[in-house]
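Atoms within each ligand, like the ligands themselves, are counted from 1 in listed order.
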Amino acid sequence: MYPLHITNNEYFFGDVKLLDIAKSFGTPTYVYDLDIVGEQYDSIKKSFDWPKLRICYAMKANSNIDILKFLKSKGSSIDAVSYGDILVALKAGFTPEDIIYTTNNASDEEIELVVKSNVLINIGDLSRLEKFGQKHPESKVCLRINTEVESGENDLVKTAGKESQFGILLEDVDAAKNIIEKYHLNIIGIHEHTGSGLYDTDDMFESINRTLNVAKKFENLEFVDFGGGFKVPYKPDEHTIDYNKFGKKLIEIFDKFCKDYGKTLELLFEPGKYMVAQSGILLVEVNTIRKTPHKNYAGVNSGFSQLIRPLLYGAYHHIVNCNNPNGIKTKYDIAGNICEGGDLFAKERMIEEIREGDILIIQNAGAYCYSMASVYNNRPLPGEIIIIKNKVKISTERLSFEKYVHKYFD
Ligand code: LLP
């Protein structure tokens, strides 16, 4: 689950010694191992044995250009959610046909930019459908359905349900059809995305069946897109999903649907977290040990501005001491360098004894970590290192403080 290993008392990621990276490139530094991204991509391909399978990587999880280029070389497509995403994906070598753009309250200007770039739009609300139809009658469109199944690893990452802001509700499908007919829109895809970190396969199949029930009402479909949400275990004892078993059942259902529909449709998924979470770590350095009668704090040179998931979602990220793999486990709060009481990467966590100067490894940091980072407290973003076939390369230079403050003074 955590693809790190210890050899001769040293932590390695693939064949690369992590302390060497910390020494050469400094900290805080994100490190991604592309071989792991490749394994995840291949495992989805293997789980869903369908002649027309398309994996659209949800680049919101991590839009590092080297990861994108690598996934392009593997045959991946892209799930984009902004015009900026489209520009970055094109820069990485994807073609407009490789990309599906899902609108999230996008402005009219943004929609026009997407249309000009010849990328297919996935529309999930009646208002946008109407405006799009008026402006671009007879266009090809994908329709995002809200299957009203609420699921996801926490409330903030659920994207369906009657009260959600995403997707056409089942009760509004007829209204959507009226708009579609009025403007002769050509619905070539039906899409759903329930949430992130989906752990209940009954929910998932309920949502899949409801999507297919809607899909059969449209005659010109080329694909059905079941979104992302593949689960990644974050805690050492967290249960995983057997995607081979899940895939077999899904293919049986989809095969029957396609036979009834009279056409072998493309089957699309949009995994983000599953593709990259485990491929990444964040290396941070401990600069302050604070022992009080109540707490042991280890203060580090990064904070929630650079990895916000623990604060925002209460997410667990496994942390180990790179300098002391076999140290005696002691209880710590791992605090960041942001001036807020909530800036903790871990609370009351048993970690090998920590000394000032030690490097900690924050794991499963490949998805929604760098991509959600900010420069809050005027702390420049960390660098990004790529490991590919056990070779190390700088992907993004750490933004030096001098470079960062220039934006105010140049
Ligand atoms: N497709 C759509 C339409 C989405 O909204 C999302 C994620 C995905 C695909 C990819 O979902 P994934 O496979 O990564 O679960 N920042 C949160 C996750 C937010 C997901 C938002 N939508 C986190 O760190 O847990």
Side-chain angles (χ1 to χ4, degrees), residues 37 40-41 43-44 47-48 54-63 67 71 76-82 85 89 99-106 120-125 142-147 149-161 164-168 189-200 203-204 207 211 223-235 238 241 243 246 268-280 282 304 306-317 345 362-374:
V37 179
Q40 295 299 98
Y41 181 86
S43 87
I44 295 191
S47 297
F48 300 93
R54 206 168 142 200
I55 301 171
C56 302
Y57 169 57
M59 64 182 285
K60 61 178 87 66
N62 189 328
S63 54
I67 293 182
L71 283 170
S76 179
S77 295
I78 285 289
D79 158 33
V81 287
S82 69
D85 267 1
I99 306 171
I100 295 187
Y101 163 88
T102 293
T103 68
N104 298 295
N105 300 322
L120 183 69
I121 302 193
N122 179 26
I123 296 183
D125 62 89
C142 176
L143 199 66
R144 177 175 186 172
I145 302 300
N146 178 335
T147 60
V149 171
E150 267 188 54
S151 203
E153 62 192 349
N154 67 67
D155 284 347
L156 298 182
V157 300
K158 292 178 180 166
T159 44
S164 161
Q165 73 264 47
F166 302 108
I168 308 273
I190 292 291
H191 169 277
E192 67 138 332
H193 173 76
T194 316
S196 194
L198 302 174
Y199 53 84
D200 184 330
D203 277 355
M204 288 153 90
S207 194
T211 304
F223 66 86
V224 178
D225 181 343
F226 291 117
F230 291 77
K231 188 176 158 43
V232 166
Y234 281 84
K235 289 189 180 148
E238 205 168 322
I241 288 181
Y243 282 113
F246 177 83
L268 269 63
F269 292 103
E270 298 171 345
K273 199 171 272 181
Y274 185 84
M275 295 273 268
V276 288
Q278 293 158 104
S279 76
L282 176 62
F304 76 76
Q306 300 178 349
L307 196 164
I308 200 171
R309 299 190 76 256
L311 175 65
L312 191 57
Y313 310 118
Y316 178 100
H317 283 259
F345 287 124
I362 306 183
Q363 299 185 52
N364 277 15
Y368 303 106
C369 292
Y370 190 92
S371 67
M372 291 178 74
S374 74

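- Contact detail for Phe345 and Leu307: the closest heavy-atom pair is CE2-O, 3.5 Å.
- Tyr101 pairs by the ring-ring contact (aromatic ring centres under 6.0 Å, His included) definition with nothing, not counting sequence neighbours.
- Listed as neighbours of ligand 1 are Ala58, Lys60, Asp79, Arg144, Val157, His191, His193, Ser196, Gly228, Gly229, Glu270, Pro271, Gly272, Lys273, Arg309, Tyr313, Tyr368, Met372, each bearing a heavy atom under 4.0 Å from the ligand.
- Under 3.5 Å, the side chains of Ser279 and Gln40 contain no donor-acceptor pair of N or O atoms.
- Each of Asn62, Ile67, Leu71 was checked for a side chain to side chain contact (heavy atoms under 4.5 Å, CB included) with Met275, and the lone residue meeting it is Leu71.
- A donor-acceptor pair under 3.5 Å links the side-chain atoms of Ser371 to the main chain of Lys60, judged by distance alone.
- When all heavy atoms are compared, the tightest approach of Arg309 to Ala367 is CD-O, 3.7 Å.
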